[in-house]
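Input: a single structure, listed below in structure tokens.
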There are 2 protein chains.
Amino acid sequence: MSYLGVGVSPGNVPVYHGSDLKVVDRRVRVAELVLRSVICSLALVAAVLVATDTQVKEIFTIRKKAKFTDMKALVFLVVANGIAAAYSLIHILRCVVSMIRGSVLFNKPLAWVIFSGDQVMAYMTVAAVGSAAQSAAFAKLGEPELQWMKICDMYGKFCNQVGEGIASSVVVGLSMVVVSGLSAFSLFRLYGGNKGGRKTSGGW
Amino acid sequence: MSYLGVGVSPGNVPVYHGSDLKVVDRRVRVAELVLRSVICSLALVAAVLVATDTQVKEIFTIRKKAKFTDMKALVFLVVANGIAAAYSLIHILRCVVSMIRGSVLFNKPLAWVIFSGDQVMAYMTVAAVGSAAQSAAFAKLGEPELQWMKICDMYGKFCNQVGEGIASSVVVGLSMVVVSGLSAFSLFRLYGGNKGGRKTSGGW
């Protein structure tokens, strides 16, 4: 199957039908660019929000300081968001370059690298959000059966800021999941080639 | 591009080269069947291990009973594993039926349903493992800064059994990630169709 309506008559309006890979590719790339920009900025926001969060409390004569390193899940969240932001920045540059050059991704090894990276990042951010949300639930609600106290009653401001960081990370995680879907599409469509064959067999 | 070597001369030995979709499809389906069987059995093991885990401790005159419902993350883990087991069972039946019928998945809506379901299950199991692992870390190591005690010192047998359940869930999560990759492959290759076109353009 070849490109239909692309490069045949350059002056024409692009033909928007299912098999026009170039158009699909452009849409996928725009969606990818937008999502990666969202990820990059929100991951940075989340990492900064959590990492800069501290609160000092004086209980009688004891000064206690809450910081994100007190909870391993928050350290994981900061690291995961930092990696996600840096990773997305690299891919934003790649997307912009390829959009300027107008090229279509047909390079299987590169598609595999992008797909694998996105998968790792997606599951990493989802796991980080999962464990941070769990820790936040313990901090907010306590666990009376285990005599774990609600530390958010003591460090209200600290907890709110962490909550904002987690909310931001949830959006990062969801966007990363969609991006990994897009890169799966970009990779595995390269393994197709049956469209002209038995398109309508419909078996399973 | 059409099927090469399939259905042309029925008596021949199947030709094993890259474009032989039927062979690739069979291998993918065998891998899928094996992985789904692993998921189904280990998810069941994990759910049963965690759900049946209890330990009674007498401290002075107070009887305390540890059970999985004391920790929301363990409830989530049991539910996620239960759903994963049931979901995998349905797909095992589907795989077996399609292997007996010898059909290839060309039905886009069905491929989308399978892909979406697998994605949801994969992220759900990874998030469940993430939050359960976080809770287990608190239980095992405590969090001295927050005055959360190491409850595993008190409920050793309970904690060990939960640990086995989490280990089992880790394998379930990893297998689910691979299965969701396979279903992404099965779906998105249906959107290909460029193999005969610009295979070697290699741009990005």
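Just so you know, these numbers come straight off a predicted model, no measurement behind them. Order of the sequence lines fixes the chain letters, A, B, ..., with proteins taken first and strands second; residue numbering starts at 1 for each chain.
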Checklist entry - When rounded to the nearest 0.5 angstrom, what is the spacing between CZ in B/F185 and CG in A/L190? => result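 That separation rounds to 10.5 Å.
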Atom [atom1] of [X]: over 12 foreign heavy atoms under 6.0 Å:
{"X": "A/K150", "atom1": "NZ", "answer": "no"}
{"X": "A/K64", "atom1": "NZ", "answer": "yes"}
{"X": "B/K157", "atom1": "NZ", "answer": "yes"}

Next on the checklist: If the contact rule is any heavy atom under 4.5 Å from chain A, which residues of residues 159-180 of chain B qualify, in numerical order?
Outcome noted: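 So far as heavy atoms go, B/V177, B/S180 are the residues that approach chain A to under 4.5 Å.
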Checklist entry - Listed by residue number, which members of residues 126-137 of chain B have a heavy atom under 4.5 Å from any heavy atom of chain A? => result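 Checking residues 126-137 of chain B against chain A gives B/V126, B/A127, B/G130, B/S131, B/Q134, B/S135.
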Checklist entry - Relative to chain A, which segment of B/F76 carries a heavy atom at a distance below 4.5 Å: side chain, backbone, both, or neither? => result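 Neither part; nothing is under 4.5 Å.
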Checklist entry - So which part of A/M154 gets closer than 4.5 Å to some heavy atom of chain B, the side chain, the backbone, both or neither? => result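 Neither; nothing under 4.5 Å.
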Checklist entry - Of the backbone (N, CA, C, O) and the side chain (C-beta and beyond), which part of A/F138 lies under 4.5 Å from a heavy atom of chain B, both, or neither? => result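 Backbone plus side chain of A/F138, per the 4.5 Å heavy-atom cut-off to chain B.
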Next on the checklist: Can you classify the ring geometry of B/Y123 versus A/Y123 as parallel (below 30°), tilted (30 to 60°) or perpendicular (above 60°)?
Outcome noted: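 The rings of B/Y123 and A/Y123 lie parallel, inter-plane angle below 30°.
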Checklist entry - Taking all atoms of both residues into account, what is the closest heavy-atom pair of A/W148 and B/M71, and its distance? => result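 What the structure gives for the nearest pair is CH2-CE, 3.7 Å.
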